[in-house]
Amino acid sequence: MSIEDPYELLSKWFEAKEYLVVGKSVTRSDSIEKAIGKARFLEDYYEPGRMLFVKQLLSTEPHAIIESIDYSDALKLTNIVGVFTAKNIPGINNVGYALPDQPLLAEGKVRYHGEPIALIASWDIDDAFKALEMIRVKYKRLTPIYDPLEAMERKDILIHDEQGSNIAFTTKVRKGDIERGFSESSTIVKNTYKTHHQEHAYLETEAALAIPDIQGRINIISCAQYPHLAQRIVSKVLGIPASNIRIITPYIGGAFGGKDDEGPLVAAKAALVAYLTGKPAFLIYSREESIRIHPKREATIIEYTSGVDDNGYLKAIKVKIIHDTGAYTNRGPYILWRATMHSSGPYYVPNAWVDGYCVYTNKVPQGSFRGFGNPSIQFAVESQMDELAKKLGIDPIELRLKNLLRPGMDTITGQKLDHSVGVADLVDKLARKMEWSKVRRELEDWNKRSNRYKRGLGIGVAWHGISTSRGVPDWSNAYIKIERDGSVNVYTGIVEIGQGTPTTSYRQIVAEALGAPLEYINVVFGTTDAPDTGATHASRGTSIGAIGVLVAAAKIRERLNRLASDILKTNPENIVIRNGRVFDKISNREIRWEELIQEAYNRGVEVSATGYFYLPKGKFDDKIGQGFAYPAYSFVAVAVLVEIDTWTGKVRVLKAWPGLAAGKIINPTQVEGQIEGAIAQGIGYVLYEKLEFGSKGEILNADLTDYVIPTIQDVTLDVEKPVYVEDKYKYGPFGAKGVGEMAFIPLPAAIANAVSHALNKRVTTLPLTPENVLKLIGGL
Amino acid sequence: MFYVLPRFNYYRPNSLDEVLKLINELENYKILAGGTDLLIDMRIKRYTPRNIVDINRINELQYIREDNEYIRIGSLTRLQDIIESNIIREKLPLLYNAVYNMASWQIRNRATIGGNLCNASPAADTAPPLMVYNAKLVVSSINGSREISILDFFKGPRETDLRNNELLVEIKIPKPHIHGYSYRKIGRRNAFTLSIVAIATYVEIENNIFRDVRIALNSVAPKPVRAWSVEEYLKNKRIDREEIYKASELVVKDISPISDVRASADYRRKLSIILIRETLFEASKITG
């Protein structure tokens, strides 16, 4: 028998010393299609007139009882097939991910301006828009609450009556004794930080096309980041078995977490119309609808106290985190949980007391967005570190190096990190390479000579737990089959959202493990035809998500090694398969890959396999606020140089020096793409982007004219080549830990620290728009 | 494709005469030139005109010409043609700078100078340079033509001096004397953005004395405005750093900014002062 045990196979490939294609910058297989405009996105599948066009009726009240919905006039229009509300849902309307608090279509009550109430199905777009104007919703207004601090106090106004409080969820960490910790501290810093919402602003808005087929199934072309979750949600809403629902995913024009939350709901709405009418149904969000409806990056208030002793060692932290979760928790409790567990930053802290509150308000919900609760808390942590360094009179890097986690140390949840902890090496290596101290000194001299413009250098160091939080099960899987001609099909639920995971790293991993030529590998992605692979989120595509691909390929490889050893009359250990050549390294006897596969078919060797892998985890005890939080952490550090025009308040980021300790780097070009994209998105978040809310809690800038994202002319900075510390993680594929979110996470901290350095004033509130910067320096 | 425009009647006349006849008869119409503002405004229902008169076939309104006294720009001239014109770049550098900083190449290839003016947005970016050049706008109707000073053209947000049967046909700019100039546009980002403030500053200097000073700003009042108080204060004064500082503060008398999602009134006031100072320094070639 060949080895089939996934842990054994993973560990065998973990030990690899040389690689054929892993670690190399291979070109993505979708690049030409995308460059010449041939790649198809969801909207490309819409055939006007041949499928129903679905339009959503949205609430124009922030908090109200729905007394009646009158759509009788709309139904008189020629092309209108139906108007559907919560009462038409055959299955379960409740689609809340973390708590059962969110309807697919408003039921009884609306809780934010923009909440979907009804679906209009029309053969024609014009009539859909006409119908929208003809539907009359009668509301009984309730008092809205927009401020999370007020919401926490109020008992007389409840956004969710069934909850009995506007505090939806709480979290805590308790470690050691903070009173003792603070009494041992000689320097204590206390600040309140505020961060704001962020809109995902993906190029492609949300869409879905649901097509009933002849076998009574519903096929859905979906933009969800997790096809199997979309399948589950559709199954629940329609009340039909998941096996009757098939999800496929075309190329997706960006997601960043937004389509992890909204994607399954879009699929469910299109599926509902298709199911009720028996016709194909297409739903697409306009830009305005997309901004009004889908959840946003968390807006937070963070009170943070930290203490260090005379030697610069952290002794205690006390943290209170408040997340404005908006009308529904969506994934808010998970986001808060992650923020809470990361609230020490990647530092050793012996005594910690952390409380988190996820609070309802009558605004757009909070949701998943690159970093998932972590960028805001790392902003607070890293601002504290700089303030402590300043008070102690030592360099910010030096203070960090004293306190960074090292192998064998435990986190604030009391979890010991035994390996894959490269953060101290990373910060040291980055600071040396960029000549941190020299650059800082030169800037301070430059500032003495410059009156109008001031420059600053800041760093953000961060950690990010990989996989789902605490004991929540996480696994990987894939299905691989080798066709008779030697070409290979790989089936995965991981989607292509611009990051290139299925089109680069998966091909590399399979080609590496099988020894087949890279161009023979075809990846069928984003489909429920593959086994449940988990979501394309949490930086897991090329980490946890890829384990299944590696394990499946490794299983087949073991079988092929045995077969080849029979044919070449040698031991399986002597078999080398490299780029389509199969040979015995002793005798150098050789056959071609195609011949080997032909022989497998002839001799009855199975050349298909699944790659199920269950990730071992521990337990977290909510009562004592201690325990296992994450199987491993990726680490990141980014230093930035900024220049501020003190007349206009405008901040420019001139240069960034990124560094990563994310285990094995599978494809350096892909990683650089992620880093550069995250830096651009981070600059947008910190310097440009801000949702403006009106008196009804409505988003006033629900368009790309007034929700300002940076253009290429605003992101003109130099990004240095990243510094890597390959601190391999034993359960990662080849030791990879995950990258996608990383560079975003420390960006708010890094820019805020650089601005604070330049102006000699502590930034505590984001965004750093020119107006806010002028206010900070007292110029407005 | 997933947006719907209100219904309208569509006219596409082939000559200027036809246009003038048509708009003389039509009520409730809008002129379609580049359409880059109009179509969006119709989609958001700012306008729901019953009739659309497409003037894109009137090629006689697309030109840039120079004679002894004037530089003349046809109202249908595309913004991209303006920045590609040597006449504009050499003779009207403020207009060149303003248009160069507008929108994107794709939009500039559609959008027209006449459309930018007649749309009469308080943020119209072609207005400040044309206001400091004291441009004249030639408007025609079936009854003939008349000239309106650009300083009298804007009446308020999206309101102009045009009568219902009149079409803007030409922008006529007196050829400027030798002058110093400086242009700044501050938006919320560096490209494809509406102005928070844009400013065009023009100075004529003789023997270190400001013989003429003209400054215009947009986005800080219901319509683009001249900074008359600043201009009056500096005229015939020696170029002096302190005087420029003092003068720039006076702009608050000339503007009446509002707070909106783009910026607060306070920030717009502050920026106006700073930009006047900065552009005066640059235009008179002294360092701040």
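In what follows, chains are A, B, ... by sequence order, proteins preceding strands, each numbered from 1.
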Side chain, backbone, both or neither of A:Arg287 within contact of chain B (heavy atoms, under 4.5 Å):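 For A:Arg287, backbone and side chain are both near chain B.
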Winner by heavy-atom pair count (cut-off under 4.5 Å) against chain B, out of A:Lys55, A:Arg452, A:Lys690: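 Most heavy-atom pairs under 4.5 Å with chain B: A:Arg452.
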Between A:Asp706 and A:Asn701: side-chain donor-acceptor atoms closer than 3.5 Å: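 Side chains of A:Asp706 and A:Asn701: no pair found under 3.5 Å.
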Under 4.5 Å from any heavy atom of chain B - which part of A:Glu692: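 For A:Glu692, the side chain is the part near chain B, not the backbone.
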Cationic N near anionic O, under 4.0 Å, A:Lys454 to A:Glu643: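 Salt bridge: no.
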Geometric class of the A:His196/A:Tyr685 ring pair [parallel <30°, tilted 30-60°, perpendicular >60°]: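 Parallel.
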Exercise: do A:Glu262 and A:Tyr285 side chains pair donor with acceptor under 3.5 Å: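 Checked: A:Glu262/A:Tyr285 side chains pair up, N/O donor to acceptor below 3.5 Å.
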Part of A:Leu691 within contact of chain B (heavy atom distance under 4.5 Å):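 A:Leu691 has no heavy atom closer than 4.5 Å to chain B.
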Proximal component of B:Tyr267, with respect to chain A [non-hydrogen, under 4.5 Å]: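 Looking at B:Tyr267, backbone and side chain both touch chain A.
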Salt-bridge present (B:Asp41, B:Lys30; N to O < 4.0 Å):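 Looking at B:Lys30 together with B:Asp41, the answer is no, because their closest N to O distance does not fall below 4.0 Å.
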For chain A, the option from B:Val261, B:Ile40, B:Leu5, B:Thr193 that forms the most heavy-atom pairs under 4.5 Å: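 Counting heavy-atom pairs under 4.5 Å, the top option is B:Val261.
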Contacting moiety of A:Thr769, where chain B heavy atoms sit under 4.5 Å: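 Nothing of A:Thr769, per the 4.5 Å heavy-atom cut-off to chain B.
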Side chain, backbone, both or neither of B:Arg7 within contact of chain A (heavy atoms, under 4.5 Å):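 The answer is the side chain of B:Arg7.
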Residues, nucleotides or ligands: over 12 heavy atoms within 6.0 Å of A:Lys696 NZ: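 Correct, the count exceeds 12.
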Short side-chain donor-acceptor distance under 3.5 Å, B:Asn218 and B:Asp125: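 Judged by distance alone, the side chains do pair up.
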Chain B interface, residue from A:Thr716, A:Thr705, A:Asn451, A:Leu700 that has the most non-hydrogen pairs under 4.5 Å: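 Counting heavy-atom pairs under 4.5 Å, the top option is A:Thr705.
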Distance-only donor-acceptor check, side chains B:Tyr233 and B:Glu243, under 3.5 Å: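 Their side chains do contain a donor-acceptor pair, which is all the 3.5 Å distance test asks for.
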Chain B contact via A:Lys775 - side chain, backbone, both or neither, heavy atoms under 4.5 Å: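 Contact with chain B involves no heavy atom of A:Lys775 at all.
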Side chain, backbone, both or neither of A:Ile709 within contact of chain B (heavy atoms, under 4.5 Å):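 Both parts, backbone and side chain.
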